[in-house]
Amino acid sequence: MPKPQIIAGVDIGSSKIVTIIASSISDSEEERVRVIGVASTPSKGIRKGQIVNIEETTTSLLECVEAAERMAGYNINRALVAISGPHIASSNSRGVVAVSEPEAEINKDDIKRVIEAAQALSLPASREIIHVIPRYFTVDGQEGIKDPAGMSGVRLEVETHIVTGSSTAIKNLTRSISEIGVDAQSLVVSGLAAAESVLTETEKELGVVLVDIGGGVTDMVIYVEGSPFYTSVLPIGAKNVTNDLAIGLRLSLESAEKIKIALSTKKEKETEDEDQDEGEEKAKNADEIDLTDLGIIEETKTISRKTLVEGIIKPRLNEIFTMVGLEIKKSGASGLTPAGVVLCGGGAQTVGIVDSAKRVLAMPVRVGQPNSLTGLVDDIQTPEYAVATGLVLYKAKEVSETSLFPLGRFGKSLQKIPGKGVAGKFIDLIKSFLP
């Protein structure tokens with residue numbers, strides 16, 4: 001039986017930091033990923049997905065990683081890290097090369113060269129490439145080829161999806177991780193990690209919009225014909241809903257958060273099974289929320305559920321989905337996503353979110369749950385853990401398929417370590433053979 005490989009994923013979000021440690025075993029039949037350690041702690045020093053205070057972030061990170069390590073019984077020294085924030089941008093680029101041996105077949109070197117040709121973008125000094133994802137290859141005019149290795153041809157082209165980010169944000173993130181003694185193996189954009197966890201292959205092939213609503217930002221990834229077509233991050237999230245409740249009800253942010261969570265978890269069908277004889281009084285009581293039950297001791301004693309949902313929460317959700325709709329239009333993917341919208345992230349549990357998305361976007365909408373994991377999954381099969389579980393699945397997929405693309409589906413490999421000479425490269429070579 002093959003030795004299990006330990007995989008770790010760290011999702012540093014605006015509201016919480018999640019660490020998941022899993023073991024991956026490659027069987028001849030399938031890839032199995034078993035979760036052995038999970039921890040979630042409130043995040044500090046992060047605003048809108050970006051680090052604003054390295055010291056506070058490092059303290060929160062250390063607390064979270066240590067808690068996951070205690071549960072798993074393993075010390076991690078490498079991890080995949082999710083990156084997000086409004087600085088994330090994407091573009092689709094094309095690369096063309098002549099096949100080195102036209103008489104023979106297309107080999108890995110040709111594929112590597114054509115992907116490198118597609119990366120030849122004129123980027124500002126302040127931006128770096130995070131992902132280069134081959135969408136499809138074209139061999140002598142024949143489009144839609146997923147893997148051209150072993151085919152015959154003279155001219156090889158590739159259409160790639162390139163995701164870039166701010167160099168400063170990338171450096172701050174890797175520095176925070178390295179401060180706690182963990183090496184950031186790779187950076188993965190949050191939207192792509194969440195897609196790995198909640199989307200099905202059928203949805204990706206048909207065309208789907210993934211909307212990951214976090215605390216401070218909303219990540220968007222549009223899939224067309226099985227590959228990412230557009231990636232974007234909107235600077236608005238579920239914390240905006242909490243702020244609206246706090247302002248509208250004149251409560252503290254903590255109280256507003258409690259009300260939002262209580263509304264979202266409360267059964268919406270409470271009043272459906274009531275007998276007609278019990279009259280309107282009971283229906284009226286069901287509409288009113290008693291704040292003392294939630295442990296909120298403020299001047300206001302009771303508030304109307306309908307006023308909160310229709311008057312405060314819905315308008316903000318409509319605004320978020322209007323922005324999502326504008327991004328879809330801007331990407332040029334309107335009409336290319338018949339599978340509709342899949343919502344995930346903590347904000348996807350907000351009351352009335354599916355109805356709001358359906359009304360504004362006029363597309364089918366569902367809330368995605370993380371799947372394909374075994375082990376300690378009871379607590380993490382909710383939309384808010386989509387990115388963290390996706391990181392683990394993302395890495396497991398990389399390990400199982402001997403990828404042809406060194407910069408392909410993989411995230412940003414952090415190889416730019418200063419002062420790395422021959423000795424350093426030799427040590428890295430040895431490390432690459434270790435589990």
Side-chain angles (χ1 to χ4, degrees), residues 5 7-13 18-26 30-35 38 79-84 88 90 130-135 146 161 163 184-214 218-233 337 339 341-346 348 366-375 377 380-403 405 407-413:
Q5 180 172 9
I7 300 170
V10 182
D11 172 24
I12 304 172
V18 180
T19 304
I20 291 184
I21 302 172
S23 65
S24 165
I25 301 173
S26 297
E30 59 178 338
E31 178 77 18
R32 285 182 305 168
V33 181
R34 194 167 65 88
V35 177
V38 183
L80 255 73
V81 184
I83 183 168
S84 186
I88 299 290
S90 70
I130 301 173
H131 293 280
V132 180
I133 304 166
R135 294 190 60 238
K146 292 292 180 189
H161 180 67
V163 185
Q185 264 178 307
S186 179
L187 298 184
V188 182
V189 172
S190 295
L192 293 171
E196 204 62 56
S197 173
V198 301
L199 296 184
T200 63
E201 288 303 319
T202 312
E203 284 173 332
K204 289 179 186 176
E205 283 296 332
L206 281 172
V208 68
V209 181
L210 176 89
V211 181
D212 174 14
I213 305 171
T218 297
D219 291 85
M220 262 186 75
V221 180
I222 300 174
Y223 276 80
V224 175
E225 293 177 358
S227 307
F229 177 78
Y230 183 78
T231 306
S232 175
V233 179
T337 55
V341 177
V342 176
L343 304 173
C344 64
R366 76 173 178 92
V367 176
Q369 308 278 0
N371 49 37
S372 310
L373 290 169
T374 58
V377 293
I380 58 171
Q381 284 184 320
T382 55
E384 65 201 84
Y385 290 102
V387 175
T389 54
L391 287 170
V392 171
L393 292 168
Y394 195 98
K395 178 63 179 166
K397 203 167 181 179
E398 284 303 315
V399 173
S400 65
E401 54 183 50
T402 50
S403 181
F405 324 120
L407 278 168
R409 291 181 32 76
F410 207 61
K412 177 184 170 53
S413 294

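The first residue of the sequence shown is numbered 1, and numbering continues consecutively from there.
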**OP:** Quickly, which of Val163, Ile222, Leu192 forms a side-chain contact (heavy atoms from CB on, under 4.5 Å) with Pro228? Name it, please.
**Re:**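 Only one of Val163, Ile222, Leu192 forms a side-chain contact (heavy atoms from CB on, under 4.5 Å) with Pro228, namely Leu192.
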
**OP:** Check Val10, Asp11, Ile20, Ile12 against Val387 for a side-chain contact (heavy atoms from CB on, under 4.5 Å) and give me the one that passes.
**Re:**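 Answer after filtering Val10, Asp11, Ile20, Ile12: Asp11.
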
Taking the side chain as everything from C-beta on, heavy atoms only, tell me whether [X] gets closer than 4.5 Å to [Y].
| X | Y | value |
| --- | --- | --- |
| Ile130 | Val189 | yes |
| Asn371 | Val198 | no |
| Val188 | His131 | yes |
| Ser23 | Gln5 | no |
| Lys395 | Gln185 | yes |
| Val221 | Tyr230 | no |
| Lys146 | Ser227 | yes |
| Thr218 | Val233 | no |

Original post:
For Thr337 and Val208, what are the C-alpha separation, side-chain angles and deciding distance, and is it a side chain to side chain contact (heavy atoms under 4.5 Å, CB included)?
Top reply: CA-CA 5 Å; Thr337 55; Val208 68; 5.6 Å; no

For a quick test of reading the model, state the closest non-hydrogen atom pair linking [X] to [Y] and the distance between them.
| X | Y | answer |
| --- | --- | --- |
| Val33 | Ala396 | CG2-CB, 3.5 Å |
| Ser190 | Ala82 | OG-CB, 3.7 Å |
| Ala194 | Asp212 | CB-OD2, 4.2 Å |
| Pro383 | Val367 | CG-CG1, 3.5 Å |

**OP:** Tell me, yes or no, whether the heavy-atom count around Glu205 atom CD, taken from other residues, nucleotides or ligands under 6.0 Å, exceeds 12.
**Re:**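 Above 12, so yes.
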
Gap separating the [atom1] atom of [X] from the [atom2] atom of [Y], nearest 0.5 angstrom:
| X | Y | atom1 | atom2 | value |
| --- | --- | --- | --- | --- |
| Cys344 | Glu384 | SG | CD | 11.0 Å |
| Met220 | Ser90 | CE | OG | 9.5 Å |
| Leu393 | Ser372 | CG | OG | 5.5 Å |
| Ile7 | Ile21 | CD1 | CD1 | 11.5 Å |

Original post:
Is it true that a side-chain atom of Thr19 and a backbone atom of Val38 form a donor plus acceptor pair closer than 3.5 Å?
Top reply: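 Not confirmed, Thr19 side chain does not pair with Val38 backbone.
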
Original post:
Charged N to carboxylate O under 4.0 angstrom, Glu203 versus Arg366?
Top reply: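 Here Glu203 pairs with Arg366 in a salt bridge, since their nearest N and O are under 4.0 Å apart.
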
With sequence neighbours excluded, tell me which residues meet side-chain hydrogen bond (donor to acceptor under 3.5 Å, both in side chains) with [X].
| X | result |
| --- | --- |
| Thr231 | His161 |
| Thr389 | Ser197 |
| Arg135 | none |

Original post:
Passes side chain to side chain contact (heavy atoms under 4.5 Å, CB included), Leu199 versus Leu210? Steps please.
Top reply: CA-CA 8 Å; Leu199 296 184; Leu210 176 89; 4.0 Å; yes

**OP:** List the steps, then state whether side chain to side chain contact (heavy atoms under 4.5 Å, CB included) holds for Ile380 with Val35.
**Re:** CA-CA 10 Å; Ile380 58 171; Val35 177; 3.9 Å; yes

